[in-house]
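Report on one structure; see the data block that follows.
We use all heavy atoms of the structure for the numbers below, so side chains are in, but hydrogens, waters and symmetry mates are not. In this text the structure is predicted, and so the values were computed from the model without any measurement.
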Amino acid sequence: MRRVLSRVRNIGVIAHIDAGKTTTTERMLYLCGASRANGTVDDGNTQMDYLQDERDRGITIQSAATTFNWDGAKKYPEHQFNLIDTPGHVDFTLEVERALRVLDGAVTIFDAVAGVEAQTMTVWRQASRYNIPSIGFVNKMDRAGASFSKCCKMIEEKLGITALAIHHPLNEGNEFRSVLDVLNGTVLEWNSSTPDGTMDIVPMDQAQGYGIDLKDTLLNLQLELTDKLTAIDEPLMEHVLENDLMETPPDVSELKAALRRVTMSREGMPLLCGAARRFKGVEPLLDSVIDFLPSPLDRPEAQLVPRNTVINPQDYALLASGHMDASKDIISLPPLDEGPLCALAFKVTHDRHRGPLVFIKVYSGVLNTRQVVYNTGTQGKERITRVLRVRADDLEEIDEISAGNIAALVGTKHTASGDTLVCHRDHAHLQDYKMAGVTVPEPVFSCSIRWEGVDQKDVDYALACIQREDPSVRVRVDEETNQTILSGMGELHLEIVISRIEQEFKVPLIPGRMKVAYHERVPQPAQVRHHLHREMGDTVQDVEVQVEVVPAEGQGRVPPEIDGAVRAHYPDDERGLGMINAILAGVEQGADRGVELRMPLVDTLVRVVSISHDVETSASAVTTCVAEACRKAIKAATTEVLQPVMSLEVAVEDRDVGGVLTDISSERRGRVREVEMKSELERNVVAEVPLATMIGYASALRSVTSGRGNFSMEFSHYALVTTSELETIKAQQAQTD
């Protein structure tokens, strides 16, 4: 049965690690009747964290999707929630990225003690890139040191959005059991003696034992909320200007409408509070998802561009959020079942029984079981054998998936994250278009891997499956050492990848030492002419090519350019296209590494200026000549080395600050930006440090703080290494090679 689209919510749960995302999701599932077990992360029995590594480590590694219904105890028509629980650890930021790419709204969870943390700001920036509206939930209000007001202040200061408190805690810490519902003018009380924290809605005149005048408190909170809303919502401001606020205040429906408008526009964030582990605050949170977060109908229409379009980062954000300039060659599709089929694949997982599962969001049309679709990325057909509704690792077969919904597909052989799927017969013009895919971050860590007593084909299959699942994992063979190099987003990321390959594919890998993934770039332009002359049997391969390399600072991996004169040299037929592809293959082979450390080359434009060869010349000879020319040009230009720099936050007690600062400055070669006061006895040290110095930092921090400190870090930028640093890096690599 198709759900009325206005009653669908595609939402994600995002936060810093350990803020309580998975616990909150588990409580939602339990209250909605979608889960019979009251799972906890500590006990390793949650529905959403189903990987063995997730349960062993007590963290979310993969984003997990689920579907459930909620009617708020009959207050609303039944709504369908398609929810994705995302990881909070920086090493798994791709999981957050591709979830947010297809979601319509988010629940941002904050730790009531820590407030806005490093990864909170990271996921918030990711949500901002896709223009995702969000409501906030201040969790763990029952912990010592919890402060709702502090969290509100930090949200406004660090996230730059107006915090709109629709809850007000009447007690905090161990005494937390009730909140003032600012919108509805009631007190919400939870009975801690019951396992599911039964909620009672208490009228103001019946609420007792709080030691304050609740009516005065409510009036002041409502006035404060109205003041904040009128500053960012024009319709409400007009009401206030036309009426005496004390005599004719906005009613609940007007405040809710204003809250919904400012949430949609990302001008404000409605804030609730609770303690999800004990079910406190979860029911109002579910209601707020319905009240304030958008349905697919409330979001901008999906936009597609010609599939050969090179999308820069600025245009990517506009295209992905549906805000690209409509004057360009763009197709917009509203979320209608009657429209042409258009879906985006945003995630791939491997199921040992079903094979690859491709997670999609349908933006237009209806996708049916047994349907044949066209992948505009691979330019090939795919047959869908089954459509599945997902509840974490529990999959239910359904006949179809309609516009605005999320599901998993079985049967696709070549579809990857970021591919656009359209109908292979009707609306054939869409086959030449694509949606904005999924942005994949560059790896920052790598290690060599080897294996013993395992067939090479089993290793190749396992590595291929992992790379299809997780595009941030890269595998290559080093040309000089012949070692297989595994690259990823961090130490933990690579540990998990190696563990999963052993658990799921029965392929034990032996990792080498963790290394930082440096980059290289050319500091100056260079141009070379290269001549290839080889006799191969009865034929002579004679090719001459001119190649130029030019700095392109800040551009990352730059697509190569082939001058128009070179393209004009080849006819517009199959052989001509084959030769162009041979040139591009030569650039890819010859311009992938720098000359200092043989690390990936970035911020460098390679331009093929001219080429000449006989008609009988083979494509392989052209590729070889171009690759050799690229290597010569890069060597002539020289390269400089870039190292990843991380933003580091260390939470420590006041007595340990000196030791932490000394360690960061002297041992980590870091730069301390500020020392924030978290509380009377706690400090937050914020710094920038080279990633290479952070290997094993957890042990060092335990030693410096006697186990009292903890830290988090995220990638910040790449920076040039100094001459002395380069010599140290070379010496270290010589010792480990």
Side-chain angles (χ1 to χ4, degrees), residues 107-108 110 112 115-116 134-142 146-157 159 161-173 175-190 199-233 235-237 239-241 243-263 267-275 280-289 291-292:
V107 176
T108 305
F110 304 91
V116 176
S134 177
I135 59 177
F137 182 65
V138 179
N139 191 26
K140 303 187 179 183
M141 287 296 301
D142 55 348
S147 173
F148 184 71
S149 60
K150 181 188 76 172
C151 282
C152 292
K153 184 178 179 182
M154 291 181 74
I155 287 167
E156 294 192 333
E157 290 178 351
L159 302 187
I161 192 168
T162 303
L164 301 165
I166 59 175
H167 276 181
H168 177 76
L170 294 173
N171 24 59
E172 296 178 336
E175 301 299 318
F176 178 73
R177 63 179 178 87
S178 52
V179 302
L180 197 57
D181 184 338
V182 178
L183 281 179
N184 297 301
T186 59
V187 175
L188 307 180
E189 295 181 347
W190 287 274
M199 184 181 78
D200 295 320
I201 302 175
V202 182
M204 292 290 291
D205 55 2
Q206 297 178 23
Q208 298 177 349
Y210 292 103
I212 59 172
D213 188 326
L214 290 179
K215 290 186 178 181
D216 278 353
T217 302
L218 175 64
L219 179 60
N220 290 331
L221 291 169
Q222 288 177 334
L223 288 173
E224 181 183 346
L225 177 62
T226 304
D227 282 345
K228 282 191 168 186
L229 276 171
T230 53
I232 54 179
D233 182 66
L236 188 65
M237 180 178 65
H239 171 94
V240 171
L241 292 175
N243 298 275
D244 186 317
L245 189 58
M246 299 303 293
E247 293 184 3
T248 315
D251 59 26
V252 173
S253 62
E254 289 174 309
L255 288 176
K256 278 189 174 181
L259 282 164
R260 184 173 178 82
R261 287 191 295 268
V262 300
T263 304
E267 294 287 334
M269 180 195 291
L271 268 184
L272 302 89
C273 63
K280 298 175 182 179
V282 179
E283 285 184 55
L285 180 60
L286 286 164
D287 291 345
S288 294
V289 170
D291 287 335
F292 307 125

Got a second to check how far [X]'s [atom1] is from [Y]'s [atom2], nearest 0.5 Å?
X: Leu221; Y: Asp216; atom1: CG; atom2: CG; result: 11.0 Å
X: Asp227; Y: Glu224; atom1: CG; atom2: CD; result: 8.0 Å
X: Asp233; Y: Glu254; atom1: CG; atom2: CD; result: 10.5 Å
X: Asn139; Y: Thr108; atom1: CG; atom2: OG1; result: 12.5 Å
X: Leu188; Y: Glu283; atom1: CG; atom2: CD; result: 9.5 Å
X: Leu229; Y: Gln222; atom1: CG; atom2: CD; result: 11.5 Å

Exercise: identify the closest heavy-atom pair between [X] and [Y]:
X: Met204; Y: Gly185; value: CG-O, 2.9 Å
X: Gly115; Y: Cys151; value: CA-SG, 3.7 Å
X: Pro270; Y: Gly268; value: CD-O, 4.0 Å
X: Trp190; Y: Gly281; value: CZ2-N, 3.0 Å
X: Leu236; Y: Thr226; value: CD2-O, 4.3 Å
X: Val187; Y: Ala207; value: CG2-CB, 3.8 Å

Taking the side chain as C-beta and beyond, is there a heavy-atom pair between [X] and [Y] under 4.5 Å?
X: Lys256; Y: Leu183; result: yes
X: Met141; Y: Lys280; result: no
X: Leu223; Y: Leu219; result: yes
X: Leu164; Y: Phe292; result: no
X: Pro284; Y: Asp181; result: no
X: Val202; Y: Gln208; result: no
X: Ile135; Y: Leu285; result: yes
X: Thr162; Y: Glu156; result: yes

Subject >> Partner residues of Asp200 under the side-chain hydrogen bond (donor to acceptor under 3.5 Å, both in side chains) criterion, sequence neighbours left out >> reply: none

**OP:** Indicate yes or no for a side-chain donor-acceptor contact from Asp142 to the backbone of Phe176 under 3.5 Å, with no hydrogens or angles considered.
**Re:** no

Original post:
Has the side chain of Lys140 got a donor or acceptor atom that lies under 3.5 Å from a matching backbone atom of Ala146?
Top reply: no

**OP:** Using side chain to side chain contact (heavy atoms under 4.5 Å, CB included) as the criterion, list what pairs up with Asp205, not counting sequence neighbours.
**Re:** Pro203

**OP:** Please determine, by modelled atom types, if Ser178 and Tyr210 share a side-chain donor-acceptor pair under 3.5 angstrom.
**Re:** yes

**OP:** With side chain to side chain contact (heavy atoms under 4.5 Å, CB included) as the test, would you mind laying out the steps for Arg260 and Asp291 before giving the verdict?
**Re:** CA-CA 7 Å; Arg260 184 173 178 82; Asp291 287 335; 5.8 Å; no

Original post:
Do the charged groups of Glu172 and Lys150 touch, with an N to O distance under 4.0 Å?
Top reply: no

Original post:
Picking from Asn184, Leu259, Leu271, Val179, what satisfies side chain to side chain contact (heavy atoms under 4.5 Å, CB included) with Ile166?
Top reply: Leu259

